[in-house]
Participant: 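Starting off with a structure, shown below.
Side-chain atoms are counted along with the backbone in the values below, which use heavy atoms only and exclude waters and symmetry mates.
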Amino acid sequence: MKLDESLDCFHRYLARLWNQDQRQAELSFNEYEYLTCLAAIEGVCDAHQDTMFDGPHLTDLAAKMQVKRASASTMVNKLEKRGLIQRVQCRYDARAQHVLVTKAGMTLVRKEQAIYKDMATTIKQQLTKEEYRQFEKVMDKVCKHL
């Protein structure tokens with residue numbers, strides 16, 4: 001099978017898994033994507049221990065998601081109403097706010113990530129240890145350029 005066909009097959013399989021899980025899920029895929037993106041931005045900044053950083057701004061989220069600020073704002077409002085994120089006043093710029101994932105939001109993200117953890121386990125069972133190590137390495141390289 002060619003790579004494009006394999007990618008299509010893999011995507012459709014993951015979409016089916018996501019859709020099956022949606023019957024019990026509390027997040028749409030779009031909500032999940034925003035929350036995981038926001039959590040990743042927070043994690044990167046925490047790792048750098050930037051003392052000037054209290055969390056990402058809406059513009060950071062929009063840039064990372066590659067969407068317009070208005071689209072990010074709409075989703076942030078929706079997630080905030082559900083208690084999955086919170087806005088915190090920026091102490092360096094009174095006009096700005098930081099957008100942070102709440103504990104409830106992270107709980108749902110971790111729950112939804114189970115789909116991908118299960119898929120990783122399935123892949124691992126199909127490959128040798130060396131093949132799996134190489135697969136992880138190649139996927140990491142590809143994902144860094146997405």
Side-chain angles (χ1 to χ4, degrees), residues 1-88 90 96-146:
M1 188 180 301
K2 293 181 183 179
L3 180 59
D4 61 332
E5 294 168 336
S6 296
L7 290 172
D8 179 60
C9 177
F10 193 63
H11 169 75
R12 286 184 288 109
Y13 181 75
L14 286 174
R16 280 193 308 273
L17 288 178
W18 183 270
N19 289 333
Q20 287 171 0
D21 192 57
Q22 273 306 102
R23 288 180 233 141
Q24 303 162 16
E26 299 173 53
L27 292 175
S28 70
F29 184 78
N30 200 27
E31 292 167 336
Y32 170 78
E33 190 172 16
Y34 270 89
L35 287 172
T36 55
C37 184
L38 193 55
I41 296 170
E42 288 178 31
V44 167
C45 295
D46 288 346
H48 291 276
Q49 297 177 351
D50 183 350
T51 56
M52 296 287 284
F53 185 81
D54 291 324
H57 294 261
L58 181 64
T59 53
D60 299 322
L61 178 60
K64 184 74 173 167
M65 290 289 300
Q66 298 177 353
V67 298
K68 294 184 189 233
R69 190 176 186 280
S71 295
S73 181
T74 299
M75 182 58 78
V76 164
N77 288 337
K78 180 179 181 181
L79 294 170
E80 185 178 31
K81 285 177 186 170
R82 293 183 56 199
L84 302 177
I85 63 160
Q86 65 180 350
R87 295 180 205 231
V88 178
C90 178
Q97 293 179 326
H98 300 285
V99 184
L100 306 169
V101 180
T102 63
K103 286 182 183 180
M106 281 309 300
T107 298
L108 286 180
V109 166
R110 287 188 186 104
K111 179 181 171 187
E112 298 301 330
Q113 286 174 335
I115 294 168
Y116 302 104
K117 289 182 187 292
D118 291 348
M119 187 70 232
T121 300
T122 299
I123 291 170
K124 193 171 193 174
Q125 292 169 347
Q126 303 304 312
L127 304 175
T128 66
K129 285 182 183 182
E130 180 57 26
E131 288 171 333
Y132 185 75
R133 190 186 68 73
Q134 286 294 327
F135 185 70
E136 277 187 315
K137 187 176 177 180
V138 169
M139 288 297 291
D140 181 58
K141 185 175 182 178
V142 169
C143 288
K144 284 181 180 175
H145 298 284
L146 297 178

Participant: Run the side chain to side chain donor-acceptor pair (under 3.5 Å) test against Arg133 and tell me which residues pass, sequence neighbours left out.
Facilitator: Glu130
Participant: In Å and rounded to the nearest 0.5 Å, what is the CG to CZ distance from Leu58 to Arg69?
Facilitator: 4.5 Å
Participant: Using the salt bridge (Lys or Arg N to Asp or Glu O under 4.0 Å) criterion, which residues pair with Glu136? Sequence neighbours excluded.
Facilitator: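 Once residues adjacent in sequence are excluded, Glu136 has no partner under the salt bridge (Lys or Arg N to Asp or Glu O under 4.0 Å) criterion.
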Participant: Counting N and O atoms only, with roles assigned by atom type, does the side chain of Thr102 sit under 3.5 Å from a partner on the main chain of Gln86, one being a donor and the other an acceptor?
Facilitator: no
Participant: List for me each residue that meets side chain to side chain contact (heavy atoms under 4.5 Å, CB included) alongside Met119, sequence neighbours excluded, and say none if there are none.
Facilitator: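 If we apply the side chain to side chain contact (heavy atoms under 4.5 Å, CB included) test to Met119, skipping adjacent residues, the hits are Phe10, Tyr13, Leu14, Leu17, Thr122, Ile123.
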Participant: To the closest 0.5 Å, what do you measure between NZ (Lys103) and CG (Leu108)?
Facilitator: 15.0 Å
Participant: Which residues pass the side chain to side chain contact (heavy atoms under 4.5 Å, CB included) test with Glu31, sequence neighbours left out?
Facilitator: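 Leu27, Ser28, Met75, Lys78, Leu79, Arg82.
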Participant: I need the minimum non-hydrogen distance between Ala39 and Val101, along with the two atoms involved.
Facilitator: N-CG2, 3.9 Å
Participant: Quick one: salt bridge (Lys or Arg N to Asp or Glu O under 4.0 Å) partners of Asp8, sequence neighbours excluded?
Facilitator: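 Per chain and number, Asp8 pairs via salt bridge (Lys or Arg N to Asp or Glu O under 4.0 Å) with Arg12.
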Participant: List for me each residue that meets side chain to side chain donor-acceptor pair (under 3.5 Å) alongside Asp4, sequence neighbours excluded, and say none if there are none.
Facilitator: none
Participant: Quick one: list whatever passes salt bridge (Lys or Arg N to Asp or Glu O under 4.0 Å) with Glu5, sequence neighbours left out.
Facilitator: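 Residues passing salt bridge (Lys or Arg N to Asp or Glu O under 4.0 Å) with Glu5: none at all.
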Participant: To the closest 0.5 Å, what do you measure between CG (Leu7) and NZ (Lys2)?
Facilitator: 13.5 Å
Participant: So how far is it from Asp60 CG to Leu38 CG, rounded to the nearest 0.5 Å?
Facilitator: 9.5 Å
Participant: Does Lys144 have any salt bridge (Lys or Arg N to Asp or Glu O under 4.0 Å) partners at least two apart in sequence or in another chain, and if so, which?
Facilitator: Asp140
Participant: Going by the rule side chain to side chain donor-acceptor pair (under 3.5 Å), which residues pair with Lys68 if we only count those two or more places apart in sequence or in a different chain?
Facilitator: none
Participant: Any side-chain to backbone donor/acceptor pair from Thr36 onto Tyr32? Under 3.5 Å, distance only.
Facilitator: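 Yes, Thr36 side chain to Tyr32 backbone: donor-acceptor pair under 3.5 Å.
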Participant: Only counting residues at least two apart or in another chain, list the ones meeting side chain to side chain contact (heavy atoms under 4.5 Å, CB included) with Lys124.
Facilitator: Tyr132
Participant: Testing the basics here: between Gly83 and Ala104, what is the closest heavy-atom pair and its distance to 0.1 Å?
Facilitator: O-CB, 3.9 Å
Participant: Taking only residues two or more places apart in sequence or in another chain, which ones pass side chain to side chain donor-acceptor pair (under 3.5 Å) with Asn77?
Facilitator: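 Checked Asn77 against side chain to side chain donor-acceptor pair (under 3.5 Å); matches are Arg87.
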Participant: List in chain and number order the residues that pass side chain to side chain contact (heavy atoms under 4.5 Å, CB included) with Ala15, two or more places apart in sequence or in another chain; answer none if no residue qualifies.
Facilitator: none
Participant: Which word best sums up how the rings of His98 and His57 line up, parallel for under 30°, tilted for 30 to 60°, or perpendicular for over 60°?
Facilitator: tilted
Participant: To the nearest 0.5 Å, how far apart are CG in Leu100 and CG in Leu84?
Facilitator: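 Nearest 0.5 Å value for the CG-CG distance: 13.0 Å.
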